[in-house]
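These notes concern the structure reproduced below.
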Amino acid sequence: MTSFPFYLDCDTGIDDALALAYLLASPQADVRGIGAVSGNVSAAVGARNTLDLLELAGHAHIPVALGAHDPLAGSFGGGAPWVHGANGIGEVELSMAAAGLAPETAAEMLVRLAQEHPGTLRVLAIGPLTNIAEALRLEPSLPQLVAEITIMGGAALAPGNLTPVAEANIANDPEAAALVLSADWNVTLVPLDVTMTNVLEENHRQELLASSGAVPRALGEMLGYYFRFYEGLFGRACSAMHDPLAAALAVGAVTPAVAPVVHVDVDTTSGPSRGQTVCDLRGLYMDYPEQPGARCRVVLALEGDFAPHLVETLLAYSSAAAASEPVGATVA
Ligand code: RIB
Ligand code: CA
């Protein structure tokens with residue numbers, strides 16, 4: 001199976017932790033570097049969580065770079081402890097990794113990796129887009145160097161989750177999102193329309209908790225916290241799967257059922273729709289005819305059920321732990 005170099009940008013967070021573990025266990029992905037950005041937690045706490053998770057998963061060699069603390073305009077708002085816990089990973093205590101931070105910023109890491117892997121690097125962004133915007137400012141030809149970028153963010157036809165119309169990753173840095181979504185590259189946008197309708201249930205969490213692998217068990221414990229937040233929305237213990245679903249789409253392991261390529265704008269005004277992703281979905285009435293110049297594939301629905309695939313992939317850590325081997329592919 002072909003494996004592609006990946007740069008992951010995240011605000012590690014419970015669903016970011018799931019996405020990271022999923023990506024490491026996916027044979028299609030060769031994670032070459034990870035940048036942390038403020039979102040669910042500060043960039044510094046997100047980087048700490050990422051380092052600790054990498055060590056737990058047997059991938060401590062993957063470099064982690066500290067990214068932006070503040071969005072392009074304004075300052076970090078303090079994260080979402082009511083969703084992810086004060087430490088971002090549902091108050092689960094992981095052993096502190098021995099590895100430290102990379103000697104470069106997240107934006108510098110992304111630019112370096114794009115230059116080292118011209119035309120093949122895949123970018124997966126599952127937090128606010130500040131680091132990606134900073135990388136575009138550092139290297140304006142970044143869109144020509146990167147094969148594609150997958151972004152968990154936005155709400156196309158669905159309501160928002162941070163404001164009535166805005167999703168958290170976009171709302172936490174609309175200026176960065178506007179810059180990234182107007183750049184000349186192939187974008188796959190994974191909005192709330194599809195992440196809120198693909199749900200992980202309590203039986204899935206129990207499967208993770210029953211695993212012999214330390215990674216699935218830690219994720220199952222974190223999900224306990226996450227499920228309590230989503231119980232307030234869905235009325236039962238379960239959760240949306242924002243970031244792992246974006247990871248699965250980035251590696252091509254799941255197939256979109258409805259994913260028109262359309263123009264997307266981000267509202268950067270200071271009014272009530274600040275942070276809204278304005279997706280031109282008028283083609284809905286005509287089965288989405290081609291929009292000249294559009295580069296953004298907006299995933300609105302999936303083929304099949306994602307949760308069983310996610311759980312099966314994460315449970316691969318059980319057999320790897322038994323064999324004392326890290327899970328995941330590396331390409332020399
Ligand atoms: O709105 C959901 C997104 O915001 C996810 O990426 C979650 O981790 C938070 O960053
Ligand atoms: Ca995230």
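The figures here come from the full heavy-atom set of this structure, side chains too, leaving out hydrogens, waters and symmetry mates. Both counts, for ligands and for their atoms, begin at 1 and track the order of listing.
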Under a 4.0 Å N-O cut-off, is there an ion pair linking [X] with [Y]?
X	Y	value
Arg274	Glu175	yes
Glu231	Arg228	no
Arg236	Glu201	yes
Glu108	Arg112	no

For [atom], closest protein heavy-atom neighbour:
atom	value
atom 8 (O) of ligand 1	Asp15 OD1, 2.6 Å
atom 9 (C) of ligand 1	Asn40 OD1, 3.2 Å
atom 6 (O) of ligand 1	Asp243 OD1, 2.6 Å

Is there any N or O on Asp11 that sits under 3.5 Å from an N or O of ligand 1?
-> yes

Report yes if some N/O of Ile126 lies less than 3.5 Å from some N/O of ligand 1; otherwise report no.
-> yes

Which word best sums up how the rings of His61 and His59 line up, parallel for under 30°, tilted for 30 to 60°, or perpendicular for over 60°?
->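 Ring orientation, 0 to 90° scale: tilted.
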
Per-atom contacts of ligand 1 with [X], taking only distances under 4.0 Å to non-hydrogen atoms:
X	answer
Asn161	1 (O), 2 (C)
Met152	2 (C), 3 (C), 5 (C), 6 (O)
Glu167	1 (O), 2 (C), 3 (C), 4 (O)
Asn169	3 (C), 4 (O), 5 (C), 6 (O), 9 (C), 10 (O)

Neighbour count >12 (heavy atoms, 6.0 Å) for atom CD, Gln206 = yes

Backbone N/O of Val278 and side chain of Gln276: donor-acceptor pair under 3.5 Å =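 Not at all, since once roles are kept as given, no pair shorter than 3.5 Å links the two residues.
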
Proximity of Ile14 to ligand 1 by residue part, where a heavy atom lies under 4.0 Å |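 Looking at Ile14 and ligand 1, no heavy atom falls under 4.0 Å.
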
With heavy atoms only and a cut-off of under 4.0 Å, state how Asp16 meets ligand 1: side chain, backbone, both or neither.
->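 Side chain only.
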
Between [X] and [Y]: side-chain donor-acceptor atoms closer than 3.5 Å:
X	Y	value
His263	Asp280	no
Asp16	Asn40	yes
Thr188	Arg297	yes

Hey, mind stepping through Tyr226 and His84 against ring-ring contact (aromatic ring centres under 6.0 Å, His included) and telling me if it holds?
-> CA-CA 6 Å; Tyr226 207 46; His84 297 269; 5.3 Å; yes

What do you reckon, does Ala168 put a non-hydrogen atom under 4.0 Å from ligand 1?
->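 Ala168 counts as a contact of ligand 1 under the 4.0 Å cut-off.
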
Ala107: side chain to side chain contact (heavy atoms under 4.5 Å, CB included) partners, not counting sequence neighbours |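 Residues passing side chain to side chain contact (heavy atoms under 4.5 Å, CB included) with Ala107: Thr105, Glu134, Ala135, Leu138.
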
Metal site the Ca ion (ligand 2), protein N/O/S atoms found under 3.0 Å =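 There are 5 of them.
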
